[in-house]
S.K.: 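Pasting a structure here, questions to come.
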Amino acid sequence: MFWDKDIECIDEEKLREIQLERLKTTIKRAYEKIPYYRKKFDEAQVSPDDIKKLEDIRKIPFTSKADLREVYPFGMFASPLSEIVEIHMSSGTTGRPIVAGYTLSDIEIWGEVMARCLTMAGTTKNDIVQVAYGYGLFTGGFGVHYGARKIGAMIVPASAGNTRRQIEIMRDFGTTILACTPSYALYMAEVAQEMGIEPATLKLKAGCFGAEMWTEAMRTEIEKRFNLNAYNIYGLTEIIGPGVAHECSEKKGLHVFEDHFFVEVIDPDTGDPVSDGQRGELVLTTLTREGMPMLRFRTRDITSIIRDKCACGRTFARIERIRGRTDDMIKVRGVMIFPYQIEKAILEVQGVEPHYQIIITRPQHLDEIEVMVEMSKETFSDEVKHIENLRRKLEKRIEDITGIRVKVTLVEPKSLPRSEGKAKRIVDKRSLHD
């Protein structure tokens with residue numbers, strides 16, 4: 001299904017023409033309207049007139065979260081406050097929050113790209129879309145809301161939380177499309193069963209899951225429990241919110257809406273571009289955003305670009321599912337590992353649930369990892385020797401995938417914290433031992 005087939009299947013040469021025209025306009029606007037960008041350009045001895053072709057974008061300095069925090073709150077706005085109609089913010093858990101401003105045109109574009117996302121998941125005006133991402137300053141709920149409204153679907157703005165009520169609404173209203181984080185979807189399935197409702201009997205046909213990293217194995221688990229098609233959606237506050245990229249029915253990467261976002265993948269250490277298909281750090285530039293144009297924003301997300309033609313017919317490039325973040329890699333005893341690798345191992349072993357927590361400590365100056373994993377109800381009531389065998393099997397599988405030995409602790413069902421938003425997977429206690 002297509003929302004706008006003409007643009008989603010656009011000829012590559014025509015797309016490049018549109019991108020270059022919009023890139024030049026965006027860079028000129030940023031330079032003229034945002035003093036911080038003008039200063040960075042002047043320091044790098046770069047002028048908007050130096051951008052003659054798409055490859056010239058590499059002359060432009062990168063933008064980082066640190067840059068955005070330096071000009072908090074409104075220093076990155078290219079429009080006067082009288083034209084900013086909506087504000088969103090990141091959580092600010094690692095410093096000052098990131099403030100994003102939207103003009104009416106930006107809101108319209110946000111609705112447009114989200115309509116494409118929801119349509120890729122099969123949404124029509126006849127569907128009931130339950131938005132279980134948070135509303136408020138978080139972008140998730142509003143992005144899905146604007147896209148569903150553009151399509152004309154019925155919107156249930158449930159927001160995150162009040163899980164039992166969410167399940168009742170799905171059952172009573174006949175919700176067909178669910179939008180939330182993948183970890184919250186799994187928690188919903190668990191709560192539904194506690195309520196005596198089998199998740200697979202609900203009328204859900206598809207879900208748009210994002211705002212956190214998740215694995216193919218977790219997709220399989222969600223699809224099995226709810227009997228739906230689970231799609232990966234990608235976005236971030238600094239660029240627009242959800243709606244930067246989404247999977248089509250092929251589920252072989254997320255199509256980036258390249259008429260609105262210019263995508264690069266770089267070596268995170270050198271800043272140099274990497275070859276298509278090679279993993280690196282995702283860098284994004286907005287091409288149509290008025291209120292807060294963003295140039296070469298370093299997302300810290302690890303992925304690769306796929307430019308092979310997709311069987312769905314779309315010509316937009318794809319990115320593979322996010323494999324980790326350059327700022328959440330765990331370095332233990334000189335080995336770099338990502339949480340998704342541990343999740344992959346857990347979901348490959350029968351007898352445990354997809355709920356876990358990674359605890360890092362440094363006793364006697366040596367890094368140690370403990371992975372706490374919930375047992376299934378059946379395993380919890382099993383003999384001790386079977387539980388011990390399962391624990392060893394998990395340790396072996398994690399070591400096979402990550403190359404590092406960890407301690408696995410099996411805990412009783414429903415004993416680990418649950419999340420109605422982004423799941424907190426890592427507890428790093430090493431600073432307490434330094």
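Owing to the predicted nature of the structure, the values given are computational and were not obtained by experimental measurement.
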S.K.: List the residues meeting side-chain hydrogen bond (donor to acceptor under 3.5 Å, both in side chains) with Thr163, not counting sequence neighbours, and say none if there are none.
M.R.: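 Partners of Thr163 by the side-chain hydrogen bond (donor to acceptor under 3.5 Å, both in side chains) criterion, ordered by chain and then number, come out as Tyr184.
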S.K.: Hey, could you give me the CG/CD1 distance between Leu202 and Ile167, rounded to the nearest 0.5 Å?
M.R.: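 The CG atom of Leu202 sits 6.5 Å away from the CD1 atom of Ile167.
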S.K.: State whether the side chain of His260 and the backbone N or O of Leu287 hold a donor-acceptor pair below 3.5 Å, judged by distance alone.
M.R.: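 Not confirmed, His260 side chain does not pair with Leu287 backbone.
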S.K.: Will you find, in the side chains of Asp106 and Thr103, an N or O donor that is under 3.5 Å from an N or O acceptor?
M.R.: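 Looking only at side-chain atoms, Thr103 and Asp106 do form a donor-acceptor pair, the distance falling under 3.5 Å.
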S.K.: Inspect the contact between Asp50 and Lys59 and indicate whether a charged nitrogen and a carboxylate oxygen are less than 4.0 angstrom apart.
M.R.: no
S.K.: Decide yes or no for Thr303 and Tyr234: does some side-chain heavy atom of the first lie under 4.5 Å from some side-chain heavy atom of the second?
M.R.: no
S.K.: With sequence neighbours left out, what residues match Phe262 under ring pair (Phe, Tyr, Trp, His ring centres under 6.0 Å)?
M.R.: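 Expected list: none.
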S.K.: Do you know the tightest heavy-atom contact between Gly291 and Ser79?
M.R.: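 The pair with the smallest heavy-atom distance is CA-OG, 3.6 Å.
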S.K.: Got a sec, which pairs hit salt bridge (Lys or Arg N to Asp or Glu O under 4.0 Å) with one end in residues 176-191, sequence neighbours left out?
M.R.: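 Output for this query lists Glu190-Arg418.
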S.K.: Just wondering, do Thr63 and Met294 contact through their side chains at under 4.5 Å, heavy atoms?
M.R.: yes
S.K.: Is any side-chain heavy atom of Trp3 closer than 4.5 Å to one of Glu8?
M.R.: yes
S.K.: Could you give the side-chain donor-acceptor pairs of residues 141-148 under 3.5 Å, partners two or more places apart or in another chain?
M.R.:
unit_1: His145; atom_1: ND1; unit_2: Tyr135; atom_2: OH; d: 2.9
unit_1: Tyr146; atom_1: OH; unit_2: Glu86; atom_2: OE1; d: 2.6
unit_1: Tyr146; atom_1: OH; unit_2: Glu86; atom_2: OE2; d: 2.9

S.K.: Run the salt-bridge test on Asp67 and Lys40 with the 4.0 Å N-O cut-off and return the result as yes or no.
M.R.: yes
S.K.: If you compare all heavy atoms of Ala230 against all heavy atoms of Glu247, which two are closest, and at what distance to 0.1 Å?
M.R.: O-OE1, 4.1 Å
S.K.: Given side chains that start at C-beta, do those of Val244 and Phe257 come closer than 4.5 Å, heavy atoms only?
M.R.: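 When only atoms from C-beta onward are counted, Phe257 and Val244 do not touch, as no gap falls below 4.5 Å.
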S.K.: Checking side-chain contact (heavy atoms from CB on, under 4.5 Å) against Glu258, which of Val263, Thr315, Ile7 comes through?
M.R.: Val263
S.K.: Excluding sequence neighbours, so at least two apart, what forms ring pair (Phe, Tyr, Trp, His ring centres under 6.0 Å) with Tyr37?
M.R.: none
S.K.: Who are the side-chain hydrogen bond (donor to acceptor under 3.5 Å, both in side chains) partners of Glu343, not counting sequence neighbours?
M.R.: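 Partners of Glu343 under the side-chain hydrogen bond (donor to acceptor under 3.5 Å, both in side chains) test: Thr215, Tyr356.
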S.K.: Which residues satisfy the salt bridge (charged side-chain N to carboxylate O under 4.0 Å, His left out) test with Glu216, sequence neighbours excluded?
M.R.: Arg219, Arg321
S.K.: Donor-acceptor pair, Tyr133 side chain versus Pro242 backbone, under 3.5 Å?
M.R.: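 Side chain of Tyr133 to backbone of Pro242, a donor-acceptor pair under 3.5 Å: no, none is there.
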S.K.: Do the side-chain N and O atoms of Gln278 and Ser304 include a donor-acceptor pair separated by under 3.5 angstrom?
M.R.: no
S.K.: With rounding to the nearest 0.5 angstrom, report the CD to OG distance, Glu238 to Ser90.
M.R.: 6.0 Å
S.K.: Which heavy-atom pair separates Ile233 from Cys208 by the least distance, and what is that distance?
M.R.: CG2-C, 4.2 Å
S.K.: More than 12 non-hydrogen atoms from neighbouring residues, nucleotides or ligands closer than 6.0 Å to NZ on Lys28, yes or no?
M.R.: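 Atom NZ in Lys28 is not crowded, with 12 or fewer foreign heavy atoms closer than 6.0 Å.
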S.K.: With Pro35, which residues qualify under side-chain contact (heavy atoms from CB on, under 4.5 Å), at least two apart?
M.R.: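 Applying side-chain contact (heavy atoms from CB on, under 4.5 Å) to Pro35 gives Arg38.
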S.K.: Under the salt bridge (charged side-chain N to carboxylate O under 4.0 Å, His left out) rule, collect the residues that match up with Lys414, sequence neighbours excluded.
M.R.: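 Salt bridge (charged side-chain N to carboxylate O under 4.0 Å, His left out) list for Lys414, sorted by chain: Glu194.
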S.K.: Taking only Lys NZ, Arg NE, NH1 and NH2, and the carboxylate oxygens of Asp or Glu, determine whether Asp259 and Arg116 approach each other closer than 4.0 Å.
M.R.: yes
S.K.: So, Arg29 and Glu32, do they make that salt bridge, N to O below 4.0 Å?
M.R.: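 Salt bridge: no.
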S.K.: Evaluate whether atom CD of Gln45 has more than 12 neighbouring non-hydrogen atoms of other residues, nucleotides or ligands under 6.0 angstrom away.
M.R.: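 Counting other residues, nucleotides and ligands, CD of Gln45 stays at 12 neighbours or fewer.
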S.K.: Partners of Phe41 by ring pair (Phe, Tyr, Trp, His ring centres under 6.0 Å), sequence neighbours excluded?
M.R.: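 For Phe41 the ring pair (Phe, Tyr, Trp, His ring centres under 6.0 Å) partners, ignoring immediate neighbours, are Tyr31.
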S.K.: Would you say that Met170 contacts Leu204 through its side chain, given a criterion of any heavy-atom pair below 4.5 Å between the two side chains?
M.R.: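 Answer yes - side chains close enough.
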S.K.: Taking the side chain as C-beta and beyond, is there a heavy-atom pair between Val265 and Val283 under 4.5 Å?
M.R.: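 With C-beta onward as the side chain, the pair stays apart.
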S.K.: Does a salt bridge link Arg165 with Glu168, judged by any charged N lying under 4.0 Å from a carboxylate O?
M.R.: yes
S.K.: Mind checking the CD1-CG spacing from Ile98 to Leu68? Nearest 0.5 Å is all I need.
M.R.: 4.5 Å
S.K.: If every non-hydrogen atom of Arg318 is compared with every non-hydrogen atom of Asp308, which pair is closest and at what distance?
M.R.: NH2-O, 2.7 Å
S.K.: Have a look at Pro48 and tell me which of Leu23, Thr26, Ile27 forms a side-chain contact (heavy atoms from CB on, under 4.5 Å) with it.
M.R.: Ile27
S.K.: To the closest 0.5 Å, what do you measure between CD (Glu12) and NZ (Lys309)?
M.R.: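 These two atoms lie 11.0 Å from each other.
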S.K.: What's the shortest heavy-atom distance between Ile266 and Phe62, and which atoms?
M.R.: CD1-CZ, 3.8 Å
S.K.: So, the side chain of Thr123 versus the backbone of Thr119: is there a donor-acceptor pair under 3.5 Å, distance only?
M.R.: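 Between the backbone of Thr119 and the side chain of Thr123 there is no qualifying donor-acceptor contact (under 3.5 Å).
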S.K.: Mind checking what makes side-chain contact (heavy atoms from CB on, under 4.5 Å) contact with Asn227, not counting sequence neighbours?
M.R.: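 For Asn227, the residues satisfying side-chain contact (heavy atoms from CB on, under 4.5 Å) (neighbours in sequence not counted) are Ala200.
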S.K.: Just wondering, are more than 12 heavy atoms of other shown residues or ligands nearer than 6.0 Å to CG in Leu104?
M.R.: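 Not buried by this count: 12 neighbours or fewer within 6.0 Å.
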S.K.: Is the side chain of Thr286 donor-acceptor paired with the backbone N or O of Thr288 at a distance under 3.5 Å, no angle test?
M.R.: no
S.K.: In Å, rounded to the nearest 0.5 Å, how long is the span from CG of Leu295 to CD1 of Ile34?
M.R.: 7.0 Å
S.K.: Check whether Glu83 reaches the backbone of Ala78 with its side chain - one donor and one acceptor, N or O, closer than 3.5 Å.
M.R.: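 Not a single qualifying donor-acceptor pair exists.
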S.K.: Taking the basic N atoms (NZ, or NE/NH1/NH2) and the acidic carboxylate oxygens, is any pair closer than 4.0 Å for Lys150 and Glu108?
M.R.: yes
S.K.: Please assess Ile51 against Ile57 for the test side chain to side chain contact (heavy atoms under 4.5 Å, CB included), listing each intermediate value before the final yes or no.
M.R.: CA-CA 7 Å; Ile51 309 304; Ile57 195 172; 5.9 Å; no
S.K.: Report the distance from atom OG1 of Thr176 to atom NZ of Lys205, rounding to the nearest 0.5 Å.
M.R.: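 So the OG1 of Thr176 and the NZ of Lys205 are separated by 5.5 Å.
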S.K.: Assess the residue pair Asn229 and Lys251 against the criterion (side-chain hydrogen bond (donor to acceptor under 3.5 Å, both in side chains)); give the C-alpha distance rounded to whole Å, side-chain angles, the decisive distance to 0.1 Å, and a yes or no.
M.R.: CA-CA 10 Å; Asn229 267 308; Lys251 299 180 184 175; 2.8 Å; yes
S.K.: So, the side chain of Arg325 versus the backbone of Thr299: is there a donor-acceptor pair under 3.5 Å, distance only?
M.R.: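 Side chain of Arg325 to backbone of Thr299: a pair is present.
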S.K.: Once side-chain contact (heavy atoms from CB on, under 4.5 Å) is applied, do any residues pair with Thr25, and if so which ones, sequence neighbours excluded?
M.R.: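 Scan of Thr25 (side-chain contact (heavy atoms from CB on, under 4.5 Å), adjacent residues dropped) gives none.
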S.K.: Would you call Asp42 and Lys39 a salt bridge, using N to O less than 4.0 angstrom?
M.R.: no
S.K.: What do you reckon, are the aromatic ring centroids of His88 and Phe138 less than 6.0 Å apart?
M.R.: no
S.K.: In terms of side-chain heavy atoms, does Thr361 have a donor or acceptor partner in Glu370 at a distance below 3.5 Å?
M.R.: no
S.K.: State whether Glu368 and Lys429 are salt-bridged, where the test is any N-O pair (Lys NZ or Arg NE/NH1/NH2 against Asp/Glu carboxylate O) under 4.0 Å.
M.R.: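 Salt bridge absent between Glu368 and Lys429.
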